[in-house]
Amino acid sequence: MHSWRFDAIGTHWEIETALPLDGSTRESVGGIVAAFDATWSRFRGDSVVSSLRAGGGRAMLTPSAADDAAALFPVYRDLGRATDGGVNPLIGSALDALGYDAALSLRPGAPQPARDEWEPVLRWDDTSLELDEPAVIDVGAAGKGRLVDLVSEALAHLSGRVTVDGSGDMRVRGGTARVALEHPYDPTSAIGVAEVTDAALCASAVTRRAWGDGLHHVLDARTGLPVRTWVATWALAHDALHADAAATGLFFDGGPGLADRWGVQWVRMSSDGRVERSPGFPGELFTAPGR
C-alpha cells in the first residue's frame, strides 16, 4: 500500500491506496478539504460560519456547502432529540467560553450552555445558511466524518483498497482493514480490534483535545461542561458521517439507542473502565464487555 500523509482542518490525515496518487488527484482532494474548511471552520475569521458569529444573518453557500448542510443538520436533529439536547450545532460559544476558541487560548472562563433549541433559529436551503441571532456554529460532532466521506467518494474511481483516515475518523473502500481500538489512557495499547470492510469506523475520546483541569472537547450543550461518564467511543457505520455522529452521541444516555436505530455498531468505555458494545460489533474486545 502507498501512503499519503498531510495535515488538514487542524489534524493529521493519511490516505492509503494500492497505487500512488497522482498530482491531479491530490490537488482534487486538497480542493475538497479547502472548500469544506472555508465554510465550516470556526477557527477561521473568513469562514462562512464565522461571518454569522457576531450578528447572525444570512450567508450564501456554494452548491457543495449546501449539500454539506443538507447532510449535516438533519443528523444533528436526530442527535439532539436522542440526547435530550446534549448535542447541539450551536455549541461553539460553549467551547469558546472554556478556552477552545479560534485563537486556541485554552484559558477557561465560566461555562456557557448552548441555546436550548437550535432549530428555530438556524435554517438552510440550496443557496444559503441563516441564523436569527448571534451564535457560533460548530459541526465538530459530525463534520470530520462528512469530510472523510467526501474525500473517500472523490477516490472511488481507484482500484483496490482505499483507506481515508482523518485522525480517528476512517473510511475503507474496496477491502478490509483491521483496526486497533486505542485505549484512551494508554496510546500504546488497545482494548480491542475491529474489522472494517467497506465501511467507516470513527472514534472519539476525552483524552484528545484536552486541556486545563479536566477540560476536553466533548461538551454537554445543556450545561456547557465536559461529559464525565464515558471516556471513549467507537462507531462503525456505512458512512463516516453517521459513524462520527454516533461516536459523539455515545457519550450520552440516548446515544446507544440512536446508533441502534441507524444500524451503527459500537463500543464505548466508561471512566471506571467498563466497556459496553452493541451485539453485532464486528471485532474482538480484550476487556470483558458490560453488554
Please tell me if the side chains of L150 and D68 come closer than 4.5 Å, counting only heavy atoms from C-beta onward. yes
Would you say V164 and V29 are hydrophobically clustered, going by side-chain heavy atoms of ILVMFWY under 4.5 Å? yes
Are the side chains of F6 and I15 in touch, meaning some heavy atoms are under 4.5 Å apart? yes
Could you tell me whether E182 and R208 have a side-chain N and a carboxylate O separated by less than 4.0 Å? yes
Under a 4.5 Å cut-off applied to non-hydrogen side-chain atoms, are T223 and P113 in contact? no
Donor-acceptor check, side chain of K144 to backbone of D244, threshold 3.5 angstrom: yes or no? no
Atom CG of D126 with >12 non-hydrogen neighbours under 6.0 angstrom: no
Pair E284 + R277, salt bridge at N-O below 4.0 Å: no
Is the count of non-hydrogen atoms from other residues, nucleotides or ligands lying under 6.0 Å from E153 atom CD greater than 12? yes
The side-chain contact (heavy atoms from CB on, under 4.5 Å) partner of R146 among V151, D239, L241, D169 is L241
For the student: nearest non-hydrogen atoms of S41 and S50, plus distance: O-OG, 3.7 Å
Using 0.5 Å steps for rounding, measure from the CG atom of L79 to the CG atom of N88. 10.5 Å
Quick one: OG1 on T62 to CZ on F36, what's the gap to the nearest 0.5 Å? 11.0 Å
Could you go step by step and tell me if W262 and V75 meet the side chain to side chain contact (heavy atoms under 4.5 Å, CB included) rule? CA-CA 10 Å; W262 278 347; V75 167; 3.8 Å; yes
Any luck finding a side-chain donor-acceptor pair between D67 and S64 under 3.5 Å? no
Run the numbers on W13 and D165 for side-chain hydrogen bond (donor to acceptor under 3.5 Å, both in side chains), then give the verdict. CA-CA 6 Å; W13 288 63; D165 183 0; over 6 Å; no
Begin with the C-alpha distance, continue with both residues' side-chain angles, and end with the deciding distance and a verdict on side chain to side chain contact (heavy atoms under 4.5 Å, CB included) for L95 and V136. CA-CA 9 Å; L95 289 162; V136 183; over 6 Å; no
So does D132 pair up with R115, basic N to acidic O under 4.0 Å? no
Carboxylate-amine/guanidinium proximity below 4.0 Å for D198 and R173: no
Flag, side chain of Q265 to backbone of F281, donor-acceptor distance under 3.5 Å: yes
Plane angle bin for W124 and F73 - parallel if under 30°, tilted between 30 and 60°, otherwise perpendicular: tilted
Should Y76 and V87 count as side-chain neighbours, where that means a heavy-atom distance under 4.5 Å? yes
Answer yes if the ring centres of W211 and Y100 are under 6.0 angstrom apart, and no otherwise. yes
Give the C-alpha distance, both sets of side-chain angles, the deciding distance and a yes or no for side-chain hydrogen bond (donor to acceptor under 3.5 Å, both in side chains) between R178 and T176. CA-CA 7 Å; R178 189 170 166 84; T176 298; over 6 Å; no
For the residue pair F43 and L104, what are the closest heavy atoms and their distance? CE2-CD2, 4.0 Å
Closest heavy-atom contact between L98 and P226? CD1-CD, 4.1 Å
Would a 4.5 Å heavy-atom cut-off, applied to side chains only, mark R58 and T127 as touching? yes
For Y185, does its backbone N or O pair with a side-chain atom of T207 as donor and acceptor, under 3.5 Å? no
Has the side chain of R171 got a donor or acceptor atom that lies under 3.5 Å from a matching backbone atom of A200? no
Minimum heavy-atom separation for L21 to R26, with atom names? O-NE, 3.4 Å
Taking side chain as C-beta onward, heavy atoms only, is V179 less than 4.5 Å from M170? yes
Verdict with reasoning, D260 to W266, per side-chain hydrogen bond (donor to acceptor under 3.5 Å, both in side chains): CA-CA 9 Å; D260 293 345; W266 55 271; 3.1 Å; yes
Evaluate the side-chain hydrogen bond (donor to acceptor under 3.5 Å, both in side chains) criterion for residues S152 and D149: first the C-alpha distance (whole Å), next the side-chain angles of each, then the deciding distance (0.1 Å), finally the verdict. CA-CA 5 Å; S152 180; D149 285 334; 5.9 Å; no
Spacing of E14 atom CD and S3 atom OG [to the nearest 0.5 Å]: 3.0 Å
Salt bridge D96-R42, side-chain N to carboxylate O under 4.0 Å: yes
Rounding to 0.5 Å, atoms NE2 (H216) and OG (S204) come to a distance of 9.0 Å
Is any side-chain heavy atom of V267 less than 4.5 Å from a side-chain heavy atom of L285? yes
Show, in sequence, the C-alpha distance, side-chain angles and deciding distance for D125 and S128, and conclude whether the side chain to side chain contact (heavy atoms under 4.5 Å, CB included) test is met. CA-CA 6 Å; D125 57 29; S128 65; 3.1 Å; yes
Closest heavy-atom pair, L219 versus V227, reported as atoms and distance to 0.1 Å, is C-CG1, 4.3 Å
Got R161 and E16 here, is their nearest side-chain heavy-atom distance under 4.5 Å? yes
Let me confirm one number: the CD1-CZ distance from I9 to R44, rounded to the nearest 0.5 Å. 12.0 Å
In Å and rounded to the nearest 0.5 Å, what is the CG to CG distance from L181 to L201? 6.5 Å
Are there over 12 heavy-atom neighbours, none belonging to R77, within less than 6.0 Å of that residue's CZ? yes
Can you give me the closest heavy-atom contact between A259 and A246, atom names plus distance? CB-CB, 4.4 Å
Can L129 and W40 be said to form a side chain to side chain contact (heavy atoms under 4.5 Å, CB included), step by step? CA-CA 11 Å; L129 181 66; W40 302 107; 4.1 Å; yes
